[in-house]
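Since the structure comes first, as structure tokens, the remarks are kept for the end.
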Amino acid sequence: MNIPKVYKPKTIEGKIYKLWEKSGFLKANPKSKKKPFTIIMPPPNANGVLHIGHAVFVTLEDIMIRYQRMKGREVLWLPGTDHAGIMTQVVYEKKLAKQEKTRFDLGREEFYKQTYKFSMENKKKVESQLRKLGASCDWSRSKFTLNPKISKAVFYTFKKMYEDGLIYRGKRIINWCPRCQTALSDLEVDHQKRKDPLFYIKYGPLVLATVRPETKFGDTAIAVHPDDKRYKKYINKEIKVKTVLGEVKMKVISDKNIDPEFGTGVVKITPAHDPNDFEIGKRHKLEIRQVIGFDGKMNKKAGKYVGMKILEAREKIVKELQKMNLIKKIDSNYKHNVAVCGRCKATIEPLISEQWFIKTKKLAAPAIKAVKDKKIEFIPKYFKKIYYHWMENIRDWCISRQIWWGHRIPVWYCQCGEKIIAIEKPKSCPKCKNSKLRQDTDTLDTWFSSGQWPFTVFGWPKKTEDFKYFYPTTVLETGWDILFFWVARMIMFGIYCTKKIPFHYVYLHGLVRDKDRQKMSKSKGNVIDPLGVIDLYGADALRMALVFGTSPGRDVIISEDKIISQRKFTNKIWNATRFILGQIENSKFQNPKLKIKTENLTKADKKILKALDKTVRLVTKNLDDFQFHEAAQNSYHFFWHEFCDYYIEESKKQFQTPDIKYQTSNILLYVLLASLKLLHPFMPFITEEIYQKLPLENKKKCLMVEQWPKI
RNA sequence: GGGCAAUUAGCUCAGUGGUAGAGUGUCCGCUUCACAUGCGGAAGGUCGCAGGUUCAAAUCCUGCAUUGCCCACCA
């Protein structure tokens, strides 16, 4: 047999993947009598290429899937892609911008059509890349979050929640991104530490501190703490305030939310432009006066400052106030947190707007209970505490977005004032029979549909065969950074929609970082491209490097060196095989296990068989406990140091004695086969390729469906 | 302000009650017929600090220090 000296993954990986795909073993069978093991893949965004973070989840999930398949479970790993609302819209708009077009040139329908086509093309690309990583998922069930069937299920939920009083429409202060031109949920907002000047401005007889003098035209009261002795005499009185637009009268109110220690203990209340002030305004029934528009510019109410951008207006107003001697002092070292758009980092403008919201408290209660009752387990456990902390303080969720790409809100309005919530467009208004209905222009937050992914993929609300057999799913594996965005929402939706938890285990992995613990980013130039790495060193080396020395929940440290060291391991496996096959070339073996006798074993024979037993136990236990890094190291150590360094070397001596030649070959092959099985979940390509070469009788079509070694 | 976690070999990290581990790096020696993407050997840690529980603590408890992250409406 002529096997090359160096393992070349490139020549075999594509071929092996085709073998798996053609074998039909990737396809799950809901009629199976076996116990199901289901993972729904976190759908990658259908707007770009896979990055190293995707390689992490593919590796971890594929390890579980391949292990359970070999253990005899009916496995389903269901792939899909996400339409990724705002993100994809931004990506496609950038594409249009290159042709000097905007989405408005195309119109809503055409824009949607083109973005859909774009997403479908990307879906294909993403899926071919997942294959390169070795993902043994069921392509026949692949889904897309914006598929019309999925949409119907999403609308069904919307309607049900509306009818149950869990969804409402209201005018609230929301996070507005002036650049993305949409409302955002609280989760989509980041906070940046920033240094801004704090202006001490004279308001009649009082002085107050603010970083946003430009919102002063929206002030509808001045507030102090009720017990603040300095200002007691002003409470509930009106004071005259000189401003850049003339003199106004303003009421001084008291509210216990005012911190007397901050600034002068006096605050201007601008209910239209500050969430805190909005709440105070509600309590005191203050007028809401909006002075900044959705374009992030001053509006008519700002008088001569109309049309100016916020910072420009601020500068001009400050100058004018200084001229009028209304600024007492400026603290230029003031540090505070500023809300920015999680995606584009533009400063968030809190604005009053009519949006759709979900009442979350009622959904959160059973979701908390499910975890407390251990129906859902987190790996690692400490994420439970983080989950509780967030869930117990959950606030209402703004689900409407002012974008075109996504599930359009299934609500129609009639001139008569009737609001119709329906899964499909109604023919006419049930009240006045008017057929001219106008659909809500907003779309749903992408997480509203992702949150229902574990069951919408099975055709829910229909109780399909797949739904009945595969749901609830077994493990949900994803990065901890989307614990609130996604995992928490899936648990809430799952219980609400299906009355069942969506999964039993939540395994969370960390962020991928480089050798110096730096985040990977294009600007830092430290990005590791998984496809480039596969091209150079093979998918097995990449996968092994990603699990080696990485425990659950912790960041994944990866470097080219680490991948190279695992490529060396693939070569080691390859050459050990080369040696073994050379020794047994002329013999035909039965399933080797049957041939191993317990008598007449040499010391080395006994030692390696014992070590193998121990390794099988360890690897199995660690895989059962989600300790993939441990399992990987157990197999690695056994194969390299116990099998290669020790037993293969001993076997060379044993081959000098004719009596034990046959037995020695047999043990070599037996241990090799067992090792391939143990390593297969981690390094599927090379192990499968070697399996295909082994001279075994009763060989299965693929190592992928071989039986896991028995303890 | 509240919370979560980390601190172990030069570096990156495992280990979580019973004589300190891996990968990588360093040093020395090997063109030994599977593999130089290799083989053999060596050096290197009072497991952040201080208490406590225990026959026994890197491991459990308490406090402290340092670092990282998350949540939160301080103008």
Side-chain angles (χ1 to χ4, degrees), chain A residues 3-8 173 175 186-187 189-191 196 198-199 201 208-213 215 219 222-223 257-270 273-280 334 336-337 339 350 380-395 480-481 483-484 510-511 513-517 537-538 541 544-545 547-551 553-583 622 627 629-630 632-634 636-637 640-641 644-645 648-649 651-652 668:
Chain A
I3 301 173
K5 235 176 155 175
V6 170
Y7 172 59
K8 291 190 185 111
I173 193 149
N175 308 296
D186 295 326
L187 267 184
V189 173
D190 286 343
H191 293 275
D196 279 313
L198 180 66
F199 304 98
I201 303 175
L208 58 81
T210 180
V211 280
R212 302 203 59 186
T215 60
D219 296 349
I222 290 169
N257 252 28
I258 308 299
D259 178 7
E261 302 292 315
F262 183 87
T264 58
V266 185
V267 179
K268 68 195 203 61
I269 303 297
T270 322
H273 297 291
D274 184 282
N276 208 10
D277 293 3
F278 180 78
E279 290 304 317
I280 293 175
Y334 178 62
H336 64 150
N337 279 334
K381 281 195 170 64
Y382 63 76
F383 278 109
K384 269 189 189 187
K385 293 183 199 166
I386 298 171
Y387 170 83
Y388 292 142
H389 187 254
W390 189 74
M391 286 295 244
E392 279 157 7
N393 296 294
I394 198 165
R395 294 189 296 161
W480 55 253
D481 53 322
L483 176 61
F484 307 140
L511 219 68
R513 292 173 185 274
D514 71 7
K515 220 181 170 182
D516 305 316
R517 307 206 95 253
Y537 310 116
M544 196 66 169
V547 281
F548 225 72
T550 307
S551 58
R554 310 306 308 274
D555 289 340
V556 179
I557 312 289
I558 188 84
S559 62
E560 192 152 348
D561 285 351
K562 206 171 163 187
I563 299 162
I564 290 171
S565 77
Q566 292 303 331
R567 178 192 55 163
K568 289 182 185 175
F569 183 48
T570 58
N571 203 54
K572 189 74 185 173
I573 301 170
W574 189 252
N575 277 292
T577 305
R578 229 158 61 89
F579 171 78
I580 294 165
L581 289 183
Q583 298 300 322
N622 282 322
Q627 303 299 309
H629 60 298
E630 286 287 294
Q633 289 196 33
N634 299 149
Y636 177 97
H637 185 265
W640 197 314
H641 302 298
C644 294
D645 291 351
I648 289 185
E649 291 309 317
S651 79
K652 289 175 187 171
L668 281 172

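Chain letters run A, B, ... following the sequence lines, proteins first and then strands; every chain starts at 1.
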Integer angstrom distance from the [atom1] of [N] to that of [M]:
N	M	atom1	answer
B:A57	B:G17	C1'	6 Å
B:U66	B:A58	P	24 Å
B:G68	B:U19	C1'	34 Å
B:A50	B:A9	C1'	24 Å
B:C69	B:U54	C1'	35 Å
B:U16	B:U8	C1'	12 Å
B:G48	B:A72	P	33 Å
B:G18	B:C47	P	16 Å

### Task
Without swapping roles, check the side chain of A:Asn575 against the backbone of A:Lys5 for a donor-acceptor pair under 3.5 Å.
yes
### Query
In terms of side-chain heavy atoms of A:His389, which of B:A14, B:A5, B:G2 is nearest?
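Of all the options, the side chain of A:His389 is nearest to B:G2.
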#### Entry: Proximal nucleotide (of B:C73, B:A14, B:C74) relative to the A:Arg554 side chain
B:A14
A side-chain contact here means heavy atoms from C-beta on lying under 4.5 Å apart; do [X] and [Y] qualify?
X	Y	result
A:Val6	A:Trp574	no
A:Leu187	A:Trp390	yes
A:Glu560	A:Lys562	no
A:Asp555	A:Trp480	yes

Using whole Å, report how far [atom1] of [X] lies from [atom2] of [N].
X	N	atom1	atom2	result
A:Phe484	B:C71	CZ	C1'	7 Å
A:Ile558	B:C11	CD1	C1'	15 Å
A:Ile258	B:C74	CD1	C1'	9 Å
A:Leu483	B:C70	CG	C1'	10 Å
A:Trp480	B:G68	CH2	C1'	10 Å
A:Tyr382	B:U16	OH	C1'	15 Å
A:Asn393	B:C4	CG	P	13 Å

### Query
Pick the nucleotide of RNA chain B nearest each of A:Leu198 and A:Ser551; which residue has the one closer to the 5' end?
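First, find each residue's nearest nucleotide; the 5'-ward one identifies A:Ser551.
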### Query
Picking from A:Asp277, A:Asp219, A:Asp274, what satisfies side-chain hydrogen bond (donor to acceptor under 3.5 Å, both in side chains) with A:Lys268?
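With A:Lys268 as partner, side-chain hydrogen bond (donor to acceptor under 3.5 Å, both in side chains) holds for just one option, A:Asp219.
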### Annotated protein contacts, base or backbone, on nucleotides 20-38 of chain B with a non-hydrogen cut-off under 4.0 Å, one of B, S, - each
--SSS---------BBSBS
### Query
Looking for any heavy atom pair under 4.0 Å, which part of the strands does A:Arg212 touch: base, sugar-phosphate only, or nothing?
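Counting heavy atoms under 4.0 Å across all strands, no contact is made by A:Arg212.
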### Message
Once you apply a heavy-atom cut-off of 4.0 Å, does A:Phe199 come out as touching a base, just sugar-phosphate, or nothing?
### Response
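Nothing, no nucleic acid heavy atom in range.
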### Task
Please name all residues satisfying side chain to side chain donor-acceptor pair (under 3.5 Å) with A:Asn276, sequence neighbours left out, ordered by chain then number.
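Side chain to side chain donor-acceptor pair (under 3.5 Å) list for A:Asn276, sorted by chain: empty.
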### Message
So, OP1 or OP2 of B:C73: does either fall under 4.0 Å of a side-chain N or O from A:Arg395?
### Response
yes
### Task
Would you tell me if any nitrogen or oxygen in the side chain of A:Arg513 comes within less than 4.0 Å of OP1 or OP2 on B:U12?
no
### Task
Identify all stems in which RNA chain B takes part, counting only runs of at least 3 consecutive pairs (Watson-Crick or G-U wobble, each distance under 3.5 Å), and give each as one range with another, ordered by first number.
B:1-7 with B:65-71, B:10-13 with B:21-24, B:26-30 with B:38-42, B:48-52 with B:60-64
#### Entry: Cation-pi, A:Tyr636 ring and A:Lys572 (6.0 angstrom, 45 degrees)
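The answer is no; the distance or angle limit is not met.
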### Task
Supply the atom-to-atom distance A:Phe278 CZ to A:Thr270 OG1, rounded to the nearest 0.5 angstrom.
13.0 Å
